[in-house]
Every structure is written in C-alpha cells, then in structure tokens.
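To start, the structure itself, in structure tokens.
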2 protein chains.
Amino acid sequence: MYQYQHPHPAVTTDIVLFTIGQQQLKCLLIRRKHEPYKDSWALPGGFVGMDEDLEASALRELREETGITGVNLEQLHSFGRPGRDPRERVITIAYYALVPDTGLPIRAASDAGEVAWFGLDDSPPLAFDHEAIVAMARQRLVSRLHCSTIALQFMPEKFTLGELQGVYEIIQGGAVDRRNFRKRVLARHCLKDSGETRRNGKHRPARLYTCVSMDTVEVNK
Amino acid sequence: MYQYQHPHPAVTTDIVLFTIGQQQLKCLLIRRKHEPYKDSWALPGGFVGMDEDLEASALRELREETGITGVNLEQLHSFGRPGRDPRERVITIAYYALVPDTGLPIRAASDAGEVAWFGLDDSPPLAFDHEAIVAMARQRLVSRLHCSTIALQFMPEKFTLGELQGVYEIIQGGAVDRRNFRKRVLARHCLKDSGETRRNGKHRPARLYTCVSMDTVEVNK
DNA sequence: GCAAAAGTGTTATCCCTACACCCATGA
DNA sequence: TCATGGGTGTAGGGATAACACTTTTGC
C-alpha cells in the first residue's frame, strides 16, 4: 500500500507506432488481456515507473509488449480528461515513432495477448481515448512530413527514391511529380548514393540510397 | 490519507505566460512562499485536481496565483525526469500562452508571495527545471511565429501595424522590412482595418487594425 | 519489341526580397 | 521647417511547379 496526503492520479505512457506496408499507413495495436476494455485493441503503453523517465517508460512498455526496441520516440501530447479510464484518474503521455516495414519481429508479451499492424483507415474501435491519440499522431505526422526529414525513419537502411516517393504519396494521399520530388529530396543532402542498385522487377534497376544521418532535421525556414 | 496499490506520481501543470513590454519578451513568474525552493522564482502552476481536466487545471492555477483569466493555452510538453522535484516524483504538463501587454491586472494570491514579469534574458534562477521549460516555450514561440498568426495574441484589441511589426522584431531579434511585413501580414486576411486611427506622437496617425478571428491559424503549407 | 519503372532538364510562374520616396503630424 | 514614424510600388532573383522523352531491364 502506498499512502499520500493528497490524491494522486495514475500516469501512463502510450505509443503510436507507425509503419508503411501494403500501400498503407499502419499503426501497431495490442489486444488487451485484462479489464478494462478486455479483448479490445489499444495502443501499447502502461504505467510509468516511479524512478523512470517518461521516454524510458514508453520505450520499456514498447519493448515489453511488442519486442520492438531502438525506435526514436517523439512526445506527442498528454491526455488527461477525467473519466478517460474507468478505473481511476489516469493521465497519459503519448509518444509516437516511425519504423521501417521490413521484417519486424513482433511478439506478444506481458499484458498484450496479441499484437498486430492495422491500416489507419481500417482499424477496429480502440480502448480508452486511443482513437483520438492516433488521430492527433497522424495529423502531426502529416504536418511534419514537409518541414522535416521524418519520413526517412520509415525507410530501411537502403532504399530507392521510388520507394521513398511512395511513402510520401501514401502519407499525404496524392501523387507527387517524380522529377520535382527527386530534386527536392536530393537538395537536402540527407541522402547518400550507396553505389549499389537493386532490380525489383522487369524494368531498369534503381539506385539505392542511404540516410546521411539519423537525425530528424527540421527545415522550417 | 489516500491509498493505492501501486505508487503514483504527483501531477502538476505549469504555465509559461509571455507578454511583450519595454521592448522585451517577458514571462510571468511567481515567488514561492513555501518549500521547496521557498523564495525562489518559479512558473505559476500547481497540482492537478482529481476531477479536473489538464487545461482547466492550468487555467485555475493561473487564475488563483495571478488573477489572470481568459487566456488561450497551448500544451507545450510534459516534463517528468525523476528527481526534478525534491519532495516526491512530480510530472508536470507545461502550457504556454501569450497575452497583450496593456494594463494587466496582476495580483499575488494563494501560494504566490509575489508576481512579476521578467525579461527573458534578464530573469532570476528558477526553481525546479523551470528554466528548461521556459527555454522550450520560447523556442516553440519563435518557430510558430512564422507559420501561424500566434503573434496576434500579444496584441490588444486595436493596434497599429507598426506595433505588430515591433512584436515580431522583438521575438525574433532583428529588424524587418516594413513594406514586406505589411504585405505579408495583410495577405493573410487575418486583420481588419477598423477605420480608426491613433496619434501616437508628433507624426502621422496610424491606422488601427483588429483581428478577424481569434483562432491561431496555421499556415504551414 | 513491348511493358514498366528509372532517370534526367528546361521553362514559366510565383513568392520573397531589396529598395526610396511622399504623407501627416507635433514641436 | 524639421523631425518622426506612417504609408505605398516595383523590379530582380530564387525557389517551386509543370511538363516529355530516353534508358534499362524482364518477358
């Protein structure tokens, strides 16, 4: 038992993890094993440890519930409407992150009975206010797309410009002029020609590029 | 006494309230009446009520400690490093807001022994990690200045374009071309010519403008 | 040779910047 | 009449957007 002179809310972190697959923007969800919202889908997350920094808590929950490590979390927003959790007052600090699509080792563990990627426009009803959290994260993602190099976090180590363009087109939902896109993205000097090429089908092979640096460089002039 | 099965952190809100005065960007601080950091300057803020939304808590603290009401709060970031408060684990959700300079009715109340505006480059050492919070709020303010109409929140109901330009120059710390500034700001169609003018000195009177809408319109294309 | 994506350059447009002069007022 | 800030327009440059053809490969 823990006692306090004044009432204290519980504090959690939740993580909106995005990826791109099957021509869709997807988000990682877990199926809850316990009440409340037992068997509902929800964002990975959980209670903050008393000696744990907020971001560390989010990383730990993500690792424990999905086995995913090494992502670059950004704080999104804190949600604390009274009543958002039926058990007690819970304030959550939401983070988001972007990971490449390739071969994600997802395992269900701890509180999560099941883990899966869902297309954002094709996802089940979520527990708590998690739909609002996902919506805000998506909005943030779209607005950062143009003034930062955030989209590179979706890419594997080596990728073609066509693949990168595809990511932009999926997120913003619309076609992009290939020549202008290449000029713009190469002008940022965030990509390095790896020298290699990749044949992807019955057509000319594409050059493979690498990120010069993993930092999300803001370009908001 | 309040008892929980698991330990709970305390949760507070803190508010970075900016204004412009004496050709400076200023921030509202209170002098603490109690330990810890007794007699130090700190941001207004305090513990979140158990049935109170986060923004409502920030508004209440601001009202109780400074008498200021009716500001437009934006959530800044949550800070939760273990040890940032010597008493116990405290996670704070920081907000920021901008208010006009004119005739602010500031009164000290409740936990605040004293309330005052401080120029940002001329402020005393702050309690807790409040200097980091102010620094982040300032950064946010600068970066929003160009892609939003946030600066209008510094203005009184009626103001001249020269006054608005002065606000921009103070925040970003540099001169702005008057003609280009006027074209840009008028092109946003957020200002309405009130028809009135104001004589401010021994020179031609200036037109007074009003905000068309109080919303902070983002213009990030 | 044909389908399919990769790769490349030029032109027109728009937006932003730089820049100089007259206006209305108070002293 | 002079000092002070208010008010206005234009020309040049840089960035962005529109646009079509050749290349390399698999079938």
Side-chain angles (χ1 to χ4, degrees), chain A residues 20 22-23 101 143 145-149 151 155-156 158-170 172-210 217-221, chain B residues 20 22-23 101 143 145-149 151 155-156 158-170 172-210 217-221:
Chain A
I20 304 259
Q22 280 94 45
Q23 307 294 312
D101 178 33
S143 86
L145 196 64
H146 292 281
C147 61
S148 79
T149 57
M155 308 312 290
K158 292 178 179 174
F159 54 90
T160 71
L161 291 185
E163 288 162 356
L164 182 59
Q165 182 178 343
V167 166
Y168 274 82
E169 290 177 334
I170 289 166
Q172 69 184 62
V176 171
D177 181 88
R178 185 151 35 97
R179 286 159 293 188
N180 294 335
F181 177 78
R182 283 158 181 262
K183 269 179 290 186
R184 209 182 316 135
V185 79
L186 290 175
R188 283 184 182 180
H189 300 297
C190 295
L191 299 186
K192 201 172 56 211
D193 186 341
S194 75
E196 301 167 61
T197 58
R198 179 199 292 154
R199 272 169 302 167
N200 245 340
K202 50 171 188 170
H203 53 79
R204 176 173 178 171
R207 279 197 204 139
L208 290 173
Y209 287 84
T210 314
V217 183
E218 301 286 334
V219 194
N220 67 314
K221 51 174 179 178
Chain B
I20 304 257
Q22 280 94 44
Q23 307 293 313
D101 179 32
S143 85
L145 196 64
H146 292 281
C147 62
S148 79
T149 57
M155 308 312 290
K158 293 179 180 174
F159 54 90
T160 71
L161 291 185
E163 288 161 356
L164 182 60
Q165 181 178 346
V167 166
Y168 274 82
E169 289 177 336
I170 289 166
Q172 69 185 61
V176 170
D177 182 88
R178 185 155 35 100
R179 285 161 293 187
N180 295 336
F181 176 79
R182 283 158 180 261
K183 269 179 289 185
R184 208 181 315 134
V185 80
L186 291 176
R188 283 185 182 177
H189 301 296
C190 295
L191 299 186
K192 201 171 56 209
D193 186 340
S194 75
E196 302 167 61
T197 58
R198 179 198 294 154
R199 272 169 302 168
N200 244 340
K202 51 171 188 168
H203 53 80
R204 177 174 177 172
R207 278 197 207 139
L208 290 173
Y209 288 84
T210 314
V217 183
E218 301 284 334
V219 194
N220 67 314
K221 51 172 181 177

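- Put simply, CZ on A:Arg184 and CD on A:Gln165 are 9.0 Å apart, with the number rounded to the nearest 0.5 Å.
- In this structure, the NE2 atom of A:His203 is 13 Å from the C1' atom of C:dG7, given to the nearest Å.
- Note: CZ (B:Arg184) to P (C:dA18) measures 10 Å, nearest angstrom.
- Between A:Lys202 atom NZ and C:dA6 atom P the separation is 14 Å, expressed in whole Å.
- Here the C1' atom of nucleotide C:dG7 and the CD atom of A:Glu163 are 15 Å apart, to the nearest Å.
- With rounding to the nearest 0.5 angstrom, the CZ atom of B:Arg207 is 14.5 Å from the CZ atom of B:Arg198.
- The nearest whole Å value for the distance from the CG atom in A:Leu186 to the P atom in C:dG7 is 10 Å.
- Between the CZ atom of B:Arg204 and the P atom of C:dC21 there is a distance of 18 Å, rounded to whole Å.
- Within 3.5 Å, a donor on the side chain of B:Arg179 pairs with an acceptor on the base of C:dA20, or the reverse.
- In this structure, the CZ atom of A:Arg198 is 15 Å from the P atom of C:dA5, given to the nearest Å.
- No hydrogens or angles were tested; on distance alone, a donor-acceptor pair under 3.5 Å links the side chain of A:Arg178 to the base of C:dG7.
- In this structure, B:Ala206 and B:Thr160 approach most closely via the heavy-atom pair CB-CG2, 3.5 Å.
- Counting non-hydrogen atoms of neighbouring residues, nucleotides and ligands closer than 6.0 angstrom, the CZ atom of A:Arg199 reaches no more than 12 such neighbours.
- A:Arg207 comes within 4.0 angstrom of the backbone, heavy atoms only, and of no base.
- Distance B:Phe181 CZ to D:dG6 C1': 14 Å, rounded to the nearest Å.
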Problem set entry | Chi angles and distances behind the ring-ring contact (aromatic ring centres under 6.0 Å, His included) call for B:Tyr209, B:Phe159 | CA-CA 5 Å; B:Tyr209 288 84; B:Phe159 54 90; 7.2 Å; no

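- Nearest-nucleotide assignment on DNA chain C puts the 5′-proximal partner with B:Lys183, out of B:Lys183 and B:Arg199.
- Residue B:Asn180 places a side-chain atom within donor-acceptor reach of the base of C:dA18, judged by atom type and a 3.5 Å distance cut-off alone.
- Across all strands shown, B:Asp177 has heavy atoms under 4.0 Å from base atoms, whether or not it also approaches the sugar-phosphate.
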